[in-house]
Amino acid sequence: MDKESFFNDVYEVAKLIPEGRVTSYGAIAAYLGVKRSARVVGWAMNGAVSQHEVPAHRVVNRVGLLTGKNHFQSPNRMKELLEAEGVKVEKDQVVNFKKHFWDPMVELGL
DNA sequence: CCCTTGACGCGTT
DNA sequence: GAACGCGCCAAGG
């Protein structure tokens, strides 16, 4: 993998997130081997918004809070997209986050 | 080249 | 158990 693949890898993992499921920045970072760089994952997702192939709305922080909703086209866009996939969102927070949580480490089998 | 900011996470208080 | 602070990494000014 090239060094530039970091952002690309983040996109790849995000693309693998099934509908109705959500994951955290830290989980993706950990899967990529840079678990302490969760912030960088968030930065990568910033560019992912342009990549409409990447469901950035399925990526939230470790508590299930839609911290990045402010970076979308519309702050309400993220919530709508999630609810459209069956993910309940209340007060900018994913309901039953643990239940909808999709861990790449487990799901992808590391 | 140095300083500040930011879609995070974890340890301590 | 909630609130606060520190640490990590990259980008922008």
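Convention: sequence-line order gives letters A, B, ...; per-chain numbering from 1.
- Residues of residues 35-70 of chain A having a heavy atom closer than 4.0 Å to DNA chain C, listed by number: A/Arg36, A/Ser37, A/Arg39, A/Val40, A/Trp43.
- Put simply, CZ on A/Phe97 is 13 Å from C1' on B/dA7, counting in whole angstrom units.
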- Task: Starting at the 5' end of nucleotides 1-6 of chain C, put B wherever the base has a protein heavy atom under 4.0 Å, S where only the sugar-phosphate does, and a dash everywhere else.
- Result: ------

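- For the contact set between residues 11-28 of chain A and DNA chain B, defined by any heavy atom under 4.0 Å, the members are A/Ser24, A/Tyr25, A/Gly26.
- Tracing side-chain contacts under 4.5 Å through hydrophobic residues (I, L, V, M, F, W, Y), one reaches A/Ile28 starting from A/Phe7; they form part of the same cluster.
- Taking a 4.0 Å limit (strictly below) on heavy-atom distances, residues 79-94 of chain A does not reach DNA chain C anywhere.
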Table of protein N/O atoms under 3.5 Å from nucleotides 1-5 of chain B N/O atoms:
none

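- Under the 4.5 Å side-chain heavy-atom criterion for Ile, Leu, Val, Met, Phe, Trp and Tyr, A/Val13 and A/Met45 are members of the same hydrophobic cluster.
- In this structure, the side chain of A/Ser74 does not engage the main chain of A/Arg77 through any donor-acceptor pair within 3.5 Å.
- At a threshold of 4.5 Å between non-hydrogen side-chain atoms, the residues A/Val34 and A/Phe6 count as touching.
- Hydrophobic cluster membership differs between A/Val95 and A/Leu66, with clusters built from Ile, Leu, Val, Met, Phe, Trp and Tyr side chains linked at under 4.5 angstrom.
- Side-chain contact between A/Val94 and A/Phe101 is absent, with no heavy atoms from C-beta onward closer than 4.5 Å.
- Here A/Arg58 pairs with A/Glu85 in a salt bridge; the nearest charged N to carboxylate O distance falls below 4.0 Å.
- Using a 4.5 Å cut-off on side-chain heavy atoms (C-beta onward), A/Glu53 and A/Tyr11 make no contact.
- Using modelled atom types, one side-chain atom of A/His100 and one backbone atom of A/Gly20 make a donor-acceptor pair closer than 3.5 Å.
- A/Leu32 and A/Trp102 end up in the same hydrophobic cluster when Ile, Leu, Val, Met, Phe, Trp and Tyr side chains are linked at under 4.5 Å.
- Of all the heavy atoms in A/Val89 and A/Glu83, the pair that sits closest is O-OE2, 3.4 Å.
- Atom NZ of A/Lys15 has more than 12 neighbouring heavy atoms from other residues, nucleotides or ligands inside a 6.0 Å radius.
- A single hydrophobic cluster is not seen to contain both A/Leu16 and A/Val22; linkage of ILVMFWY side chains at heavy-atom distances under 4.5 Å, directly or through other members, places them apart.
- In this structure, A/Asn46 has no side-chain hydrogen bond (donor to acceptor under 3.5 Å, both in side chains) partners at least two apart in sequence or on a different chain.
- The closest donor-acceptor contact from the side chain of A/Tyr25 to the backbone of A/Trp43 lies at 3.5 Å or more, if one exists at all.
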